[in-house]
Amino acid sequence: MQLQFYWDAVGDPRAHCDPPGRPLAEFLESDIQGSTATAREVLRALDWIEAGDRDHWEMTGNIHTLALSPEGASLQNEHEEDSEPYELPLSQFRQALTDWVSFLEEGRGS
């Protein structure tokens with residue numbers, strides 16, 4: 001899976017990924033958006049799950065519900081009735097989220 005990040009013409013952060021990883025790109029773009037605070041909140045939740053402090057964590061954004069458990073990350077599109085959850089390992093999800101934060105911070109000149 002190859003995620004690509006870029007800024008659109010009006011300065012909004014965008015993410016692209018060919019199938020099957022498109023739901024992850026949509027989650028970053030639509031649910032995390034340009035909020036490093038939200039991304040860091042999810043990263044903290046990942047820490048809790050991986051440390052065994054919690055066995056489940058969930059958030060619902062603009063399009064997706066994210067569920068984290070020791071088994072992995074699951075993204076459910078809440079706007080498509082027949083969509084199957086997109087599932088991926090926690091390590092892969094963490095890497096994508098960390099890369100998104102770096103992209104946002106670099107783009108803002110932080």
Side-chain angles (χ1 to χ4, degrees):
M1 173 176 50
Q2 184 65 32
L3 281 166
Q4 299 169 343
F5 304 142
Y6 62 98
W7 299 91
D8 70 12
V10 296
D12 291 329
R14 300 292 181 200
H16 174 78
C17 189
D18 291 330
R22 189 169 290 148
L24 178 57
E26 291 172 352
F27 171 78
L28 294 171
E29 184 176 299
S30 300
D31 298 300
I32 299 296
Q33 299 181 342
S35 175
T36 56
T38 300
R40 287 192 174 97
E41 176 185 350
V42 177
L43 287 167
R44 277 192 302 277
L46 275 167
D47 291 341
W48 297 330
I49 296 292
E50 290 175 333
D53 296 334
R54 295 196 182 172
D55 61 358
H56 185 80
W57 187 87
E58 191 172 292
M59 71 167 265
T60 300
N62 295 317
I63 295 176
H64 299 89
T65 294
L66 166 66
L68 301 175
S69 72
E71 290 74 38
S74 176
L75 293 168
Q76 177 64 52
N77 187 317
E78 297 297 339
H79 294 256
E80 296 178 7
E81 289 183 27
D82 297 331
S83 70
E84 292 292 320
Y86 177 71
E87 303 195 5
L88 64 160
L90 292 178
S91 60
Q92 193 175 9
F93 182 73
R94 177 185 291 280
Q95 186 62 57
L97 197 54
T98 301
D99 291 348
W100 184 249
V101 169
S102 294
F103 165 74
L104 293 174
E105 289 176 341
E106 289 170 11
R108 292 188 179 136
S110 299

J.: Looking only at the side chains, is there a donor atom on one of H64 and N62 sitting less than 3.5 Å from an acceptor on the other?
T.: no
J.: Answer yes or no: is there a side-chain heavy-atom contact under 4.5 Å between L24 and F93?
T.: yes
J.: Between S35 and Q33, do the side chains contain a donor N or O and an acceptor N or O under 3.5 Å apart?
T.: no
J.: If every non-hydrogen atom of C17 is compared with every non-hydrogen atom of Q2, which pair is closest and at what distance?
T.: SG-O, 3.6 Å
J.: Quick one, E80 and D82 - any side-chain contact, counting heavy atoms below 4.5 Å?
T.: no
J.: Between R94 and D47, does the salt bridge (charged side-chain N to carboxylate O under 4.0 Å, His left out) criterion hold? Intermediate values first, please.
T.: CA-CA 10 Å; R94 177 185 291 280; D47 291 341; 2.8 Å; yes
J.: Taking all heavy atoms of P70 and all of I49, pick out the closest pair and write down the distance.
T.: N-CG2, 3.6 Å
J.: Can a donor-acceptor pair be found, under 3.5 Å and without considering hydrogens, that links the side chain of E26 to the backbone of D31?
T.: no
J.: Between atom CD of E41 and atom CG of L97, what is the distance when rounded to the nearest 0.5 Å?
T.: 11.0 Å
J.: For the residue pair L90 and G72, what are the closest heavy atoms and their distance?
T.: CD2-C, 3.5 Å
J.: Which heavy atom in P20 sits nearest to a heavy atom in P23, and how many Å separate them?
T.: O-CD, 3.2 Å
J.: Please answer whether the main-chain N or O of H16 pairs with a side-chain N or O of Q4 as donor and acceptor at a distance below 3.5 Å.
T.: no
J.: What are the two closest non-hydrogen atoms of P85 and S74, and how far apart are they?
T.: CB-OG, 3.4 Å
J.: Apply the side-chain contact (heavy atoms from CB on, under 4.5 Å) test between F27 and each candidate in N77, I32, I63, T65; give the one that qualifies.
T.: I32
J.: Mind listing the closest non-hydrogen atom pair of W57 and V42 along with its distance?
T.: CH2-CG2, 3.9 Å
J.: Under the criterion side-chain contact (heavy atoms from CB on, under 4.5 Å), which of F5, W100, Y6 is the partner of P13?
T.: W100
J.: Distance from L68 atom CG to H56 atom NE2, nearest 0.5 Å?
T.: 8.0 Å
J.: Output the distance between atom CZ (R40) and atom CG (L46), rounded to the nearest 0.5 Å.
T.: 14.0 Å
J.: Quick one: pull up CG in D55 and OG in S69 and give me the separation to the nearest 0.5 Å.
T.: 8.5 Å
